[in-house]
Amino acid sequence: MSHSSILSPASTELAQHVAQGLRRTPKTLSSMYFYDDAGSRLFQQIMELPEYYPTRAEFAIFREHGAAIAAALSPAGGGEFAVVELGAGDGAKTKLLLRELLAGGAPFTYAPVDISAGAMTGLVATLAAELPALRVAPVVEDYATALAQLRTWPGSKAVLFLGSNIGNFGPTERLDFLRQLAEPLGAADRLLMGFDLQKDPRSIRAAYDDAQGVTAAFNLNLLTRLNRELGADFDLAHWQHYTDYSPLSGAVRSFLVSTRAQAVRVAALDETFEFAAWEVIHTENSFKFTLPQVEALAAEVGLRVVTSFTDAAGDFADVVLARQLSHD
Ligand code: AVJ
């Protein structure tokens with residue numbers, strides 16, 4: 001295989017990310033790269049797992065409070081608006097909300113944004129079949145590119161960021177990202193964000209280390225992707241998935257553990273990386289929040305909580321946010 005000569009722009013970006021992440025100590029790779037088409041399918045399997053409660057909890061919130069959420073997202077005057085969803089995936093939960101919004105009668109266009117073309121094709125097909133009246137404007141981009149486009153979007157908008165995707169950002173990146181999300185919002189615009197809440201630490205840890213090993217396969221798929229796209233030679237027999245949860249920081253951290261001393265060559269970089277026995281690559285953060293933390297976070301980026309909804313068990317929160325009213 002010759003990978004070093006011709007790389008697509010996307011692979012060049014991935015190659016640069018891998019070079020930076022694997023030259024550092026400790027080594028890190030971003031969970032953003034989990035979502036190739038195989039990774040998106042594995043995440044859909046994760047959402048079905050008995051241990052993975054966030055999806056079911058958010059479903060329960062939408063089932064119970066869908067009409068109230070739709071009302072809180074629709075512009076007060078009843079005008080035309082856009083519903084932009086960052087990280088739409090298979091859109092299963094969003095369909096509940098979209099039904100409520102259609103029933104509300106306010107005219108809107110649904111603009112799902114997802115980094116996986118495969119996931120988007122599937123979503124567009126199921127929407128056409130299940131909600132034929134819905135206007136859909138799909139965007140296959142990463143968040144940063146989609147946010148830049150959002151700035152030039154005309155008219156009112158409701159931005160959805162569900163499933164506790166916000167949990168993947170570390171504290172500093174989280175503030176930067178939320179400021180970028182808040183900045184293009186007008187006074188009537190709304191932001192709906194899902195937050196996974198702090199709870200029994202054992203349930204949280206189990207959600208990221210399931211008995212069937214689907215989460216392990218999801219994490220390890222990143223190495224398969226690097227083998228395929230960058231001509232790397234990771235031997236998956238010598239890598240393991242490991243996860244911990246700290247109730248102090250609220251962070252689930254996931255790692256790929258090198259089970260022996262090994263060297264891995266990445267042809268696209270023409271570089272070999274050395275791993276000591278039991279050295280790790282940190283691949284993901286999934287932060288868990290308390291409701292007071294959500295309030296404080298909103299205030300810090302110029303947003304206010306309009307209303308929020310939790311499931312009966314208090315496992316998860318969906319929070320409607322708007323720009324802070326200025327007090328001058
Ligand atoms: C898609 C970011 C919400 O952090 O819970 C699931 C990804 N990682 N299991 C999460 C994930 C491992 C998921 N999000």
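Read the numbers this way: they start at 1 and go in the same order the structure lists the ligands and their atoms. Source: prediction; values computed, not measured. In this chain, residues are counted from 1 in sequence order.
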**Prompt:** Just checking, is any N or O donor in the side chain of D244 or Y208 under 3.5 Å from an acceptor N or O on the other one?
**Reply:**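 No, Y208 and D244 have no side-chain donor paired with an acceptor closer than 3.5 Å.
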**Request:** Can you sort out the partners of H238 under ring pair (Phe, Tyr, Trp, His ring centres under 6.0 Å), two or more places apart, ordered by chain and number?
**Result:** none
**Asked** Is ligand 1 less than 4.0 angstrom away from at least one heavy atom of Y52?
**Response** yes
**Request:** Look at ligand 1 and say whether G163 reaches it with a heavy atom at a distance under 4.0 Å.
**Result:** yes
**Message:** Which residue and atom name correspond to the protein heavy atom nearest atom 8 (N) of ligand 1, and how close is it?
**Reply:** E284 OE1, 2.8 Å
Is it true that [X] and [Y] have a side-chain N and a carboxylate O under 4.0 angstrom from each other?
{"X": "E284", "Y": "R253", "value": "no"}
{"X": "D270", "Y": "R265", "value": "yes"}
{"X": "R304", "Y": "E295", "value": "no"}

**Asked** For residues 216-225, which residue pairs qualify under salt bridge (charged side-chain N to carboxylate O under 4.0 Å, His left out), counting only residues two or more places apart or in two chains?
**Response** R225-E229
Distance under 4.0 Å to a non-hydrogen atom of [X]: what atoms of ligand 1 satisfy this?
{"X": "N165", "value": "1 (C), 2 (C), 3 (C), 14 (N)"}
{"X": "S286", "value": "4 (O), 10 (C)"}
{"X": "N168", "value": "2 (C), 4 (O)"}

**Prompt:** Considering only heavy atoms, does Y35 approach ligand 1 within less than 4.0 Å through its side chain, its backbone, both, or neither?
**Reply:**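 For Y35, only side-chain atoms sit under 4.0 Å from ligand 1.
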**Item:** ligand 1 contact on F218 by region, counting heavy-atom pairs under 4.0 Å
**Value:** side chain
**Asked** Under 3.5 Å between some N or O of ligand 1 and some N or O of T215?
**Response** no
**Prompt:** Do the two ring centres, one from W239 and one from F275, sit under 6.0 Å apart?
**Reply:**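 Ring centroids of W239 and F275 are less than 6.0 Å from each other.
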